[in-house]
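Data block below; observations after.
Labels below follow one simple rule: chain letters A, B, ... track the order of the sequence lines, proteins then strands, and each chain is numbered from 1.
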There are 4 protein chains.
Amino acid sequence: MNIINNPGRQLGRPRSTDSRDSILKATNQLLEEVGFSQLTIEGIAARAGVAKTTIYRWWNNKGSIAIEAFLKSTEPRISFPQSDSAIADIKEQVKTLAAVYQTQTGKIITELIAMGQENADTLHLFIEGYVKPRRSAAKAVLQRAIDLGEIRADVDLDVLVDAIYGPIFHRLLLGHERLDPAFAEANANLVLAGAMK
Amino acid sequence: MNIINNPGRQLGRPRSTDSRDSILKATNQLLEEVGFSQLTIEGIAARAGVAKTTIYRWWNNKGSIAIEAFLKSTEPRISFPQSDSAIADIKEQVKTLAAVYQTQTGKIITELIAMGQENADTLHLFIEGYVKPRRSAAKAVLQRAIDLGEIRADVDLDVLVDAIYGPIFHRLLLGHERLDPAFAEANANLVLAGAMK
Amino acid sequence: MNIINNPGRQLGRPRSTDSRDSILKATNQLLEEVGFSQLTIEGIAARAGVAKTTIYRWWNNKGSIAIEAFLKSTEPRISFPQSDSAIADIKEQVKTLAAVYQTQTGKIITELIAMGQENADTLHLFIEGYVKPRRSAAKAVLQRAIDLGEIRADVDLDVLVDAIYGPIFHRLLLGHERLDPAFAEANANLVLAGAMK
Amino acid sequence: MNIINNPGRQLGRPRSTDSRDSILKATNQLLEEVGFSQLTIEGIAARAGVAKTTIYRWWNNKGSIAIEAFLKSTEPRISFPQSDSAIADIKEQVKTLAAVYQTQTGKIITELIAMGQENADTLHLFIEGYVKPRRSAAKAVLQRAIDLGEIRADVDLDVLVDAIYGPIFHRLLLGHERLDPAFAEANANLVLAGAMK
DNA sequence: AGTTAATCGAGACGGTACGTCTTGTCTTGAC
DNA sequence: GTCAAGACAAGACGTACCGTCTCGATTAACT
């Protein structure tokens, strides 16, 4: 049995990695099958062949498990294309992103965000584990656009990033209008036009 | 026994407006006091002095009640300022909106949207009752900006509206960065710059 | 529409016999189909095409309706055979009775008696409408047995009747031992032996 | 906290004797106070300070709880007097029984039997836990009467027992005639006369 | 090798709220 | 005044999960 390496602890039975892995695996399966709102701690425990106690020992709520499971199954960082034009790279990436968000992945993300509205810890984990790494990557590309002289140097990147990605999340969550690559590109065009010299 | 077939005739005891009003009133009170996630049908029934069956007869889930209660307590339309410049009006309005979303109203909206992720009906009611009227109003103002020659005539208004408001909802829901009037204005400046001639 | 003739009442819409009949008919159907314990006022109303109000106007509880319906569908009196020997007639009759109680009729009777334990009115109606007429008939036959010199004249008929029929009801209600014609006869033989000279 | 000793079970938290006892105690109290028909699972749970789920985990319906509670509060066996004459003992016992059945105990028994008409499990529990032990005891005494030569040896004891006790239950349940020690004795006299040589 | 202590599975527990069911009452307009 | 229709307050039902709490059995590091 594999054991998590924890040099600070000295006494007692070590925590089982098997339990932890089967919990996250079961959570991912259930997220795919029934969605987040139908996810229950008892269901995870049953599927993972684990006691509820074991889950509660390590996670506070189902949101934390779900996010950890989701992050484990997701690329830790977005991969941007690397062409001669940074803004071309950005536009390419938002189109890919919109396509991904049209799948079950998009659905799970909306539910994680929804859960986050009830639970600050859950939201925090999602921000730190998913949103911020992607924002950093996007800001790096935008910085390159500045360096390349494609956009103005005085643009506030935090505003610009949200201007590019905010509308995508907006449509993802509300569904009031179609979220597809074409929209993502049109929005990026509009916003980046405003950021050009 | 012969029954005169008269489909237009209203049979049975008429629905009580008192019940309906007290349900919506109680719901609004509880939304303020405990928030949406702590809202329960039983709690509403108890507060309203109404039987649970009466609630279930007219609403499917707590989201529907909450939205109806929320809409009842909210202005049906945003009021835009009316100055010589349509884009000045827009900028003024998004600053006001951001300020409003920093209050409890913002919190309730995030929870309604969160609820909508689990329940399509709820989301639909929110879109139709809240989002679309405001989008229409905003699009009318943007159309005026076109008519006034302040922005290009070939801009897709659906994209433009989401570019202006999407980032506000984005920060409202994720809280990864501060949502305040200054951000709303900066975003509007950026986007509208891209829409100008 | 048939109307119950009631010369004392002068005002208002006359009571409908159709409603009454269809209520009792529906009750009998439902007693056969689902049994007494699954019988509901709402079910009767729906089946009879009648408003609940109409039922409540004329009956206090489902026991009263069920008993009235049951009595309407049952012979008002037992028919005893008429041979040269009164005790032979009795023995013949209890065998018939035991056979009848092995059918659905027996089941309904147990449920009516059960209902009677919760509701004194219901029990009273059952006693007066079902039990007492049958006891009277049985006592008349037993009196004939006395007159014929088949049993002692000093026997208390109320005790004797219950000694003959009580054990039948006992087994009908408890089911701890088989209730069949053979038992009914064996019991009658035993008891009547004790009543002979 | 007291725990039910069950050496066969090895897994999970042991069942709490405290819960079980307080449930049965509360049930007995409520049976005395409001009667069986007014007894509710929720009422028992509230009185016992126990969760409804705990009750449903161990009992199927209120009849099962009521019977278990009733049996716990009742002598497991009738005590017969032990004189030189077995039939004198029987007569003495039926008089005592009739007296007991004139109290609240009689009322509860009728309601348990009534419940048994709707629910086979409940009736089964009552038969096995209450009726059969008493029938066995009575049959043992009657066997002694045979051994003493007080009644015929060829009498079917199952018939004889029901002939002695059936009429008591009959009057208890129907109340069409008075159930008192005098009747119980008169019936026993009649039946036993038929069983004598 | 034995002791110590945290882990594990299992599952019972007190709770909360669910959504449904049935009761008996009430409020209409039609007859 | 009675009827059908059906809304209403009331409240119990049986279920689903929650998060906590015993248990006995493991599992290694530390004696």
Side-chain angles (χ1 to χ4, degrees), chain A residues 1 3-4 6 9-16 18-19 39-43 45-46 48-58 60-62, chain B residues 1-4 6 9-16 18-20 38-43 45 48-58 60-62, chain C residues 1 3 9-16 18-19 39-43 45-46 48-58 60-62, chain D residues 1 3-4 9-16 18-20 38-43 45 48-58 60-62:
Chain A
M1 188 181 290
I3 295 303
I4 292 175
N6 184 346
R9 186 178 37 73
Q10 297 174 345
L11 290 177
R13 176 176 176 174
R15 179 173 177 188
S16 157
D18 290 355
S19 298
L39 188 70
T40 65
I41 301 278
E42 298 207 332
V50 141
K52 276 200 294 177
T53 338
T54 303
I55 297 180
Y56 280 110
R57 207 187 321 271
W58 305 111
N60 291 325
N61 48 65
K62 71 169 185 169
Chain B
M1 190 180 299
N2 292 325
I3 295 295
I4 293 176
N6 184 352
R9 171 191 165 198
Q10 191 198 340
L11 289 176
R13 177 176 175 174
R15 180 172 178 187
S16 157
D18 290 354
S19 300
R20 192 186 144 75
Q38 301 298 322
L39 188 69
T40 66
I41 302 278
E42 297 207 332
V50 143
K52 273 201 294 178
T53 29
T54 301
I55 297 180
Y56 279 110
R57 192 172 297 117
W58 303 110
N60 291 325
N61 49 66
K62 69 171 185 168
Chain C
M1 187 183 292
I3 295 303
R9 188 172 39 72
Q10 295 173 346
L11 290 176
R13 178 174 174 173
R15 178 175 175 187
S16 156
D18 290 353
S19 299
L39 189 70
T40 65
I41 301 276
E42 298 205 332
V50 142
K52 277 199 297 178
T53 338
T54 304
I55 297 179
Y56 280 110
R57 209 187 319 274
W58 304 112
N60 291 324
N61 49 64
K62 70 172 185 168
Chain D
M1 187 183 289
I3 296 301
I4 292 176
R9 186 181 37 68
Q10 296 172 346
L11 292 176
R13 177 175 174 175
R15 181 172 175 187
S16 156
D18 291 353
S19 301
R20 188 168 189 284
Q38 301 299 322
L39 188 70
T40 64
I41 302 277
E42 298 208 332
V50 142
K52 271 202 296 179
T53 32
T54 300
I55 297 180
Y56 281 110
R57 208 187 321 274
W58 302 110
N60 292 325
N61 49 64
K62 69 172 187 168

Looking at every non-hydrogen atom in both residues, tell me the closest pair between Ile55(A) and Ile41(A) and how far apart they are.
CD1-O, 3.9 Å
Give, for atom CZ of Arg15(D) and atom CZ of Arg20(D), the distance between the pair rounded to the nearest 0.5 Å.
5.0 Å
Name the closest nucleotide to the Ser19(D) side chain, picking from dT7(E), dC13(E), dA4(F).
dC13(E)
Can you check the Arg13(A) CZ to dT26(F) P distance for me, whole Å?
9 Å
Once each nucleotide of nucleotides 16-22 of chain E is scored for protein heavy atoms under 4.0 Å, what B/S/- sequence comes out, 5' to 3'?
-SBBBBB
Are OP1 or OP2 of dC13(E) and a side-chain N or O of Trp58(D) less than 4.0 angstrom apart?
yes
Would you kindly give the CD1-to-P distance between Ile55(A) and dG11(E), to the nearest whole Å?
15 Å
Does Ser16(A) make a side-chain N or O approach to OP1 or OP2 of dC8(E) shorter than 4.0 Å?
no
Choose from dA4(F), dA12(E), dG9(E) the nucleotide whose nearest atom is closest to any side-chain atom of Arg15(D).
dA12(E)
So which heavy atom on Ala45(B) is nearest to which on Ala51(B), and how close?
CB-C, 4.4 Å
Roughly, in whole Å, what's the span from CZ in Arg20(B) to C1' in dC8(F)?
16 Å
